[in-house]
Every structure is written in C-alpha cells, then in structure tokens.
Colleague: 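Submitted below is the structure of interest, expressed as structure tokens.
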Amino acid sequence: MSGPFGLPMPMLTDSYKASHAGVFPEAQRTVAYVEFRHAYEKDSEDTRIVFHGLQYVLEQYVGRQWTMKDVEQAAAFFETHNVGNTAYPFPRELFERFIRENNGYFPVRIEALAEGSVVYPHTPVMQITAEGAYAGLVTYVETVLLMVWYPSTVATVARRAWTGIAEQYARTVDDDMQWTLSSRLHDFGFRGCTCVEQAMVGGAAHLLTFEGSDTMAAAYHAQFRLNGGRAVASSVPATEHSVMMAHKDERQAVLAMIEAYGDGAFACVMDTYDYARALAQVLPAVAERKLQRGGVLLIRPDSGDPVDAVLQGLHAAERVFGSTTNAKGFRVITGANLIQGDGVTPESLRRILDAVVRDGFSAQCVAFGMGGGLLQKVNRDTMGIAYKLSSITDPDGRVRDVMKFPKGDLGKVSLPGRLAVRPDPAQAGAPVAYRCAADADTGLLRVVYDCGPISDLHWDDFDTVRRRLQHQWTTFPLRANAVSTALLEHQRAVHTRLQQSIESGAALGVTEARPRRAAPSPEDFARRVHSYEILNQYVIGAQWRSLALAAEATILGTSSHDERTLLKLWIYRILALTSLRHYVLADRELNRLEHATSFAKLVANGRAPTIVWPFELRVLRARIPALALDDYRASIDRLSALVRACSRQMLRRPETSELNAQRLFRLNLLIVGCLVKLRDATLATDMLRRLCEPSEGAEPDPQLLSAAARLYLQLGAVAEAEGLFVRVERIVSKDDVLAQMNRALYAVATEKWEVARDTFAAIHRDHSERIAAGNNAAICELYLGSPQAMLNSLQQLMVESPAAAGAAEVLVFNYCAGLDLHYDGARLREAKAKKMIEVGMWAGDGFDISSFKIH
C-alpha cells in the first residue's frame, strides 16, 4: 500500500465521496474552489487570514502514486462498508484507469495562492479542475485539501498575536530593540498535540511569524525540509517543575541553572511551591551570582491570574536587578525578563501587555509561551473553510456556473464559475476574486499540481514565505472587498436564474410550478413600470418574490433624477428581500441605492440632495450583519455609528431632541440585544442599567422601556426588570395591554405559570389580534404539565385566525413541537403534512418551512 500510515490511497477521503462518481452527471469539465467563509472567530474588524500548508498536503497525500494494490485493498474494505456490512459503491474502474493512463497520479489540476499569502473571507485560495472521464472525481480530494485549515488557522492565530505585541512594541520599545519582537511568542504546544505530525505542521505555521519554539519537530521540519538547512527557530535552556523539585530547594535549582547557563539567556519556573515567596526570597539570594555571570534570567510563573503573576514578577525583578528608562520613557529591567506561558491566547496576551505598559514597563520585558491556545484550541470552523463546486461544462460544451445558496444560512453562499485572483491596487494590493474565462489566466492562482507533481515546480523557501507574510500583513488593510463587483453581479445573476428554476420546479425535477396565490401574469413583469397599487397588492398578499422583481423593474424604468420615487421603490424591494431573508442581497441593494443616486453625496448635479434616508432604513442596514451572518459585532459597529449621528443631530438641531432621544434609546437597546447574543452579560447589564437610569427629562417611550425590561429578563436580572415594569405602569394604565403583557412575562420569569397563562389568555381574549399572547398562553399549558391542552389551544388559534396565526412561524413551530410530543411515525407525518397544506393557503413567500420540524 502506497498511502501514509499503511493505508491504501482511496481511504484518504470521507466515505460518501466514494459514492459520488457513480451519480455525477457526465461532463467535459468540472471546477471547484476553496475559500475561508469568515475571519478568525468571525472577527469583523480584522478579517485578514494567513493561507499556509498546502505544500505539505500535496507532497504527503495528493501527490503520492496510487497502485493496483491500493485498489485491491480498498475493494476488500468497501466489500463490507455499507449498511449491514454489505458492499459500498466506489469507482474502481476509474481508479484503475488513471493508474494505467496517468502513472497512478490522481487526475486533477490544482491551482493555488502562494504559501504565506494574506487573504480575506471568500478569497479563492485553491481551484481544482477535473476533465473528461474523471470530471466526477473533482471533489474526491476535498477531505485532504481542506486540511490546510489547520496550519492556516495556527498561522493566523500567531499573526494576530504578533499584531497585539507589535502595537505595544511600537509604543514602548526603542528602535534598536525592535529585533526582539520575533522572539516574544514561544511555541509550548508540542505535548498537547494529538500526534507528532500535528505538532510539526502547526508548529511550522507558528514559525512563519515568530522564531521561538520548543516544538523541535516543527523547528527541524522548517529548517531542513523547508529552508535548505538555514536556521528558523531557537529556544533557551529552561527548568521544569521536576527539575526544581529534584534539588533540595529552589535556590539550589536556580543556582545550578546560573552555573550551567548563566552567561546566556535561560528560564526558571518559579511557582513550584510559592511564587510570591520565591520572588521575595530566592531572587535576592541568587542575585549576586546571576549578576556575576551576566546573562538574562527569564522568570516563568505557571499558575494564578496571568496579569497579576506577570506584574508581580516584573516588580520583584526590578527590585532585585534594577531597571533603566528607555528613550520612550518606559522601564526596562536589567538582565531579566518575564515569560508567561499559562493561559495565553491572543486576547489574554493583549490584556497582559496593557497592564504591563500601564505600570510603566516596556513591552520587551515580557515574552509569552502559548500551547493549547496556539496548536489545539482551533478547528475547521474557526475560519469556516469550505470546498465548493463552481462550474460544470456539459457534454455539449455548454458551461453551467453553479453556486450554493442555502436559505437557512447565507454565510454559506458560494461563488459561481471559474475564478481568478488578482491584486487590487485600490486596496493596497489585497487579493480580489474575479470571474475567469475557461482557459484565461487565473492571476495569483498558479498551478501546483497537474494530474501529478510538476517536475520543475519551485516552492518558495521558508525565509521567502516569511517575508511575503510580513509584507502583506503590514501592507494590506484590516478589511477588504475580496470579491469584485463583476463577480458579485455574476453571482447575483446565477442566483436569480437558479431561484427562478426552483420556483418553476425545474431545479427540483418536478413538472409543475409550485402553486401560488394570485400569481402575476407574464405581462405584469413585461411592463417596465408597475403602479403602487400593484406593489401594495403584493405586500398585502405577502408575495415577496413578485414584489422584489416588480420593484426592480420599476427602478430600472425610473429616472435617476426622481430621487423620492427611487427611494420609495427601493424600500419596496428591500422590504421584499428582507422578508425572504435574503439579507446579503438586501445589503447589496442598500449599497446600490447609496451609489446609484445622490443620497450619499453632499452635492448632486450642482444641487444639494432633496431627501435623506429614512431612519428605519438606516437601522435595517445596521442590523443586516447580525441578521445575515450572526455577525453581531459588525452590527454593533454600525448601530454605534448611528448613535453618534443622532447625538450630533441633537446638538445641531435642538428641536429634534425628543425624537432623537427616543431613537438613541432604541439604538442602544439594539446594541444590548447584540451583546446578549454575544453572551456578554456583564456589558449588556451595565449598558442597560445606565440606559434606563431615571433622568430629569421625559421618560422614554413605554414600549422601549418595556423592551429594556424584557432584555433584563433574558439576562436573568429579574429585579431590574421588575423595576422598569413598575416605571412603565406609571406612564400607562395598569389595564393597558402593554402593562398586562409585562406582568405576564414577569410571571413567566418567576415561574408563576398559572398567573402567566391566565394573563396571556385575557390579553388575547380582549385583543384577538395579539397572536403572541395566545401562543404564550398555550406554551404555559405545557409548563403546567398539559401538552394536550397546549396543542388544542394552538390548533384553535390557527382555526380562528388562519391569515395571522396560521401563518405565524413561531406558532406553527410550537404546534409541530407539540405534535412531536404526541405522535410518531406515519401519524406524525400525516399531521404535519396536513398542517403544511393549511399554512400554504395563507403563508407568504418568506415563510420558514423549518418551522414544521421535518427532519
């Protein structure tokens, strides 16, 4: 067997990949690509990513020759791999064919960006092409190619840590000591890895940025396999707790290190027994001999609060060894440093350095060791790597660009077509994806494997990759538009075509289109301009797709000088897209609206703009990152910008103070909601408390005050919520429906289910349009131990108000959850199918069918 670890080569993929070639449509050519879907931990401020590690994957896995023995061994495995230990399908004939025809090399072409390239979410980092009989194998190598996620993520973690350190170095370290920056983060991760290979690959990725490492497998690999024998990494002699315990006392252990290694840099762990006493007693006891030897002692705490431990060590070392003040006004300890290796992450590292600098020390006084945070606490989803088919050339030569656009997760939308990547001068050379013709140059994507290893391919040495990363990371912007406008337009066109195919039933393989209420005729869409009457009919009928198409056609037929009409039409279209949950498209439409008219300009055609964006439209734009991608930090940034704008407006126009005060309260509530989603309970609670403090001015709108109280309930702050509910009842009557709803929610929070049920039921009885109250009353029945009563109540609601309750997603979801509790098998499927038919008569285009809980 020619595969690694004694495995036959066909085993280097997921099981289901073996079945795909048998069902893949016949094609002349297939193309797929690899991208990272989002930045590290979905960071919206710094979206830079380091691409690294493909060379190793190609040399160790993809580039190996297959043999007939591999296929025979795989056949023995597949013989019992299916359910019931039956035969599992796999493309044996194709495997044997490329072994004969292609000298055993896997028959795909791989293009990729250079190792160490800085990229952004959705930058194609690889493009894979398969042709002819092997077109159906284009995704077979996905499993091993995607393993570049690991070295890429480790390299990105290290680089983000470097950024945090470099910021404080620039502020506190003299120019002649900047060279020490590369030694500030040491790899301590070897022992935490699952295998030597992981340590070698991940540790080498760390060394792209830093030179300190105790992971010798990585240091050797980088030096002798990737850098022609030139040194890449270094370390220093250091004790561990076992060494300290082996001596009669810590003083003897430290003196032994001084005698052996004291003329250079060496490290001693100091918390074996009592860190504070070791600093106070052992350091002074060895100081004279240490000063005689003249080297640098690195004091290493390994327990306790990292910030406190570092500061305690720095002050102790300063008392014993003294310090000097550098040209930037920060103290540098003489002949000693701290190295913190416990609990270090890019985030904690910044906190430690902030504290160090606040105490007046230079950042060069502290080094860091990172183990688990560097090599273990990452996974494929940390940056969301993905491998997606993008183009198929049919047997007749017709090219079909394809893309994924799951309604339930817009973050997984992919790019269509054959792709190229080129530097964008407008973004300091950052890589941008473009659509590419069949045989055109793919720019920065160079061929690194072509149905076998390329004999004259030159991989850059490690020093070159390091320089590339350093240059690009320090030159490229924190965020960049990684997809060109032309490719975005093509993506939209492909999406529209596929969406229409789905609507017609063609993409689903059915012969009839899905039934639709009052569907517009082809003549309706043939008209360039649609009346507001037609548009409003679509709104009333929740026919959001029809509204989106009609509004777009009318926009195109409207003069660009008619700003008021354009704005109104664009609001119709954005309403339709958000109702369909096409938040990414809605965001792009907002960008089009901004750039296509004079709304964003101070002067348009020699005149000031006559109108401004409605406040609600601005709020929607701010919320889109959270709605579309769960990117709550980006929404917080946009909402904060609106807060600043409203504050400026209050200062410039005092007559708008009351209106803007209400807007500010609402915007801050939305920010708190995002913080709740980010599980930052401390900041959310603190912000709510400040927001809701009584002031000399008028009370906030009771609706907003109630919303704040309900956020308190989500945070578990029941007493604070009760206080706000009391304030609401000072503004409105206790019999007001808002006050009643507040009391019912408070009863839920305090688990008074009967009170909650009766209050919700009374609200719905007196206000039948309050469907949420009826739904909540039914849910209380479940908590009172009567799931049948819940089911009956929900069913009655939908019978009484089919157009409202019958099309309410949360109510349908709860009803189907109740069905799950009562039925199973055929009866459950029948009940849900019946409910789907009923809801289909009333629900609009945007109804979320996952509410039916059909798995």
Colleague: As a test of understanding, state which of Thr209, Leu207, Leu375 forms a side-chain contact (heavy atoms from CB on, under 4.5 Å) with Val154.
Modeller: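 Output: one option passes, namely Leu375.
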Colleague: Is it true that atom CZ of Arg633 has more than 12 heavy atoms of other residues, nucleotides or ligands lying nearer than 6.0 Å?
Modeller: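 Not more than 12 within 6.0 Å, no.
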Colleague: Under 4.0 Å between a side-chain nitrogen and a carboxylate oxygen: does that hold for Glu259 and Arg293?
Modeller: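 Here Glu259 does not pair with Arg293 in a salt bridge, since their nearest N and O are not under 4.0 Å apart.
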Colleague: Kindly indicate whether the side chain of Leu469, heavy atoms from C-beta on, has any atom under 4.5 Å from the side chain of His52.
Modeller: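 The answer is no; the side chains never approach within 4.5 Å.
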Colleague: Please assess His38 against Asp631 for the test side chain to side chain donor-acceptor pair (under 3.5 Å), listing each intermediate value before the final yes or no.
Modeller: CA-CA 10 Å; His38 55 74; Asp631 192 346; over 6 Å; no
Colleague: I'd like to check Leu478 versus Arg48 (side-chain heavy atoms, cut-off strictly below 4.5 Å). Are they in contact?
Modeller: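 Heavy-atom side-chain distance check passes, below 4.5 Å.
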Colleague: Is the count of non-hydrogen atoms from other residues, nucleotides or ligands lying under 6.0 Å from Met216 atom CE greater than 12?
Modeller: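 No - once you tally the heavy atoms of other residues, nucleotides and ligands closer than 6.0 Å, there are 12 at most.
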Colleague: Take Thr47 and Arg479 through the test side chain to side chain donor-acceptor pair (under 3.5 Å) and record every step on the way to the result.
Modeller: CA-CA 5 Å; Thr47 63; Arg479 292 176 290 185; over 6 Å; no
Colleague: Identify, with sequence neighbours excluded, every residue that meets ring pair (Phe, Tyr, Trp, His ring centres under 6.0 Å) alongside His241.
Modeller: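 Testing His241 for ring pair (Phe, Tyr, Trp, His ring centres under 6.0 Å), a comparison that skips the adjacent residues, returns none.
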Colleague: Heavy-atom distance under 4.5 Å between the side chains of Ile128 and Met126, does that happen here?
Modeller: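 They are in side-chain contact.
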Colleague: Determine whether more than 12 heavy atoms belonging to other residues, nucleotides or ligands lie under 6.0 Å from atom CZ of Arg350.
Modeller: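 Counting neighbours around CZ of Arg350, more than 12 heavy atoms of other residues, nucleotides or ligands fall under 6.0 Å, so yes.
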Colleague: Should we count OH of Tyr220 as having more than 12 external heavy atoms under 6.0 Å?
Modeller: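 Open: at most 12 neighbouring heavy atoms sit under 6.0 Å from OH of Tyr220.
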Colleague: Would the number of heavy atoms belonging to other residues, nucleotides or ligands and lying under 6.0 Å from OH of Tyr61 be above 12?
Modeller: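 Buried by this count: over 12 neighbours within 6.0 Å.
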Colleague: Should we count CZ of Arg191 as having more than 12 external heavy atoms under 6.0 Å?
Modeller: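 No.
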Colleague: Looking only at side chains, do Tyr56 and Glu115 share a donor and an acceptor under 3.5 Å apart?
Modeller: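 Tyr56 vs Glu115: no donor-acceptor pair found between side chains.
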Colleague: My understanding is that only residues two or more places apart in sequence, or in another chain, count here; which of them pass ring pair (Phe, Tyr, Trp, His ring centres under 6.0 Å) with Phe188?
Modeller: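 For Phe188, the residues satisfying ring pair (Phe, Tyr, Trp, His ring centres under 6.0 Å) (neighbours in sequence not counted) are His186.
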Colleague: Before you tell me yes or no, could you show the steps for Arg467 and Gln470 under side chain to side chain donor-acceptor pair (under 3.5 Å), namely the whole-Å CA-CA distance, both residues' side-chain angles and the distance that decides it to 0.1 Å?
Modeller: CA-CA 5 Å; Arg467 287 192 295 271; Gln470 174 68 10; over 6 Å; no
Colleague: The test is side chain to side chain contact (heavy atoms under 4.5 Å, CB included); show your working for Leu283 and Met270 and say whether it passes.
Modeller: CA-CA 10 Å; Leu283 276 189; Met270 301 293 286; 4.3 Å; yes
Colleague: Tell me yes or no: between the side chains of Ser640 and Asp637, is some donor less than 3.5 Å from an acceptor?
Modeller: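 Checked: Ser640/Asp637 side chains show no N/O donor-acceptor pair below 3.5 Å.
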Colleague: Kindly indicate whether the side chain of Val378, heavy atoms from C-beta on, has any atom under 4.5 Å from the side chain of Tyr150.
Modeller: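 The answer is yes; the side chains approach within 4.5 Å.
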Colleague: With rounding to the nearest 0.5 angstrom, report the CZ to CD1 distance, Arg159 to Ile49.
Modeller: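 The CZ atom of Arg159 sits 15.0 Å away from the CD1 atom of Ile49.
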Colleague: For residues Ala428 and Pro477, report the shortest heavy-atom separation together with the two atoms involved.
Modeller: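 Heavy atoms of Ala428 and Pro477 come nearest at CB-CD, 4.2 Å.
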Colleague: Check the pair Tyr33, Glu111 against side chain to side chain contact (heavy atoms under 4.5 Å, CB included), reporting the backbone distance first and the verdict last.
Modeller: CA-CA 9 Å; Tyr33 79 102; Glu111 301 164 285; over 6 Å; no
Colleague: Look up atom OG1 in Thr272 and atom CG in Asp249, then write down how far apart they are to the nearest 0.5 Å.
Modeller: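 Rounded to the nearest 0.5 Å, the OG1-CG separation comes out at 11.5 Å.
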Colleague: Checking side-chain contact (heavy atoms from CB on, under 4.5 Å) against Val119, which of Leu113, Val421, Leu444 comes through?
Modeller: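 Checked Leu113, Val421, Leu444 against Val119; only one passes side-chain contact (heavy atoms from CB on, under 4.5 Å): Leu113.
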Colleague: Can you tell me if Glu288 has over 12 outside heavy atoms packed within less than 6.0 Å of its CD?
Modeller: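 Not buried by this count: 12 neighbours or fewer within 6.0 Å.
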Colleague: Can you tell me how far CD of Glu250 sits from CE of Met244, rounded to the nearest 0.5 angstrom?
Modeller: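 Taking CE in Met244 and CD in Glu250, the distance rounds to 4.5 Å.
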Colleague: Between Ile299 and Leu279, is any pair of side-chain heavy atoms under 4.5 Å apart?
Modeller: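 Side chain of Ile299 against side chain of Leu279, heavy atoms only: contact under 4.5 Å found.
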Colleague: Find out whether Leu145 and Ile110 are in side-chain contact, i.e. whether some heavy atom of one side chain is under 4.5 Å from a heavy atom of the other.
Modeller: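 Sidechains of Ile110 and Leu145: in contact.
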Colleague: Identify whether NZ of Lys or CZ of Arg in Arg446 sits under 6.0 Å from the centre of the six-membered ring of Trp459 and within 45° of that ring's axis.
Modeller: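 The answer is yes; both the distance and angle limits are met.
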Colleague: Can you check side chain to side chain donor-acceptor pair (under 3.5 Å) on Gln364 and Asn337, steps first, answer last?
Modeller: CA-CA 8 Å; Gln364 77 182 75; Asn337 270 200; over 6 Å; no
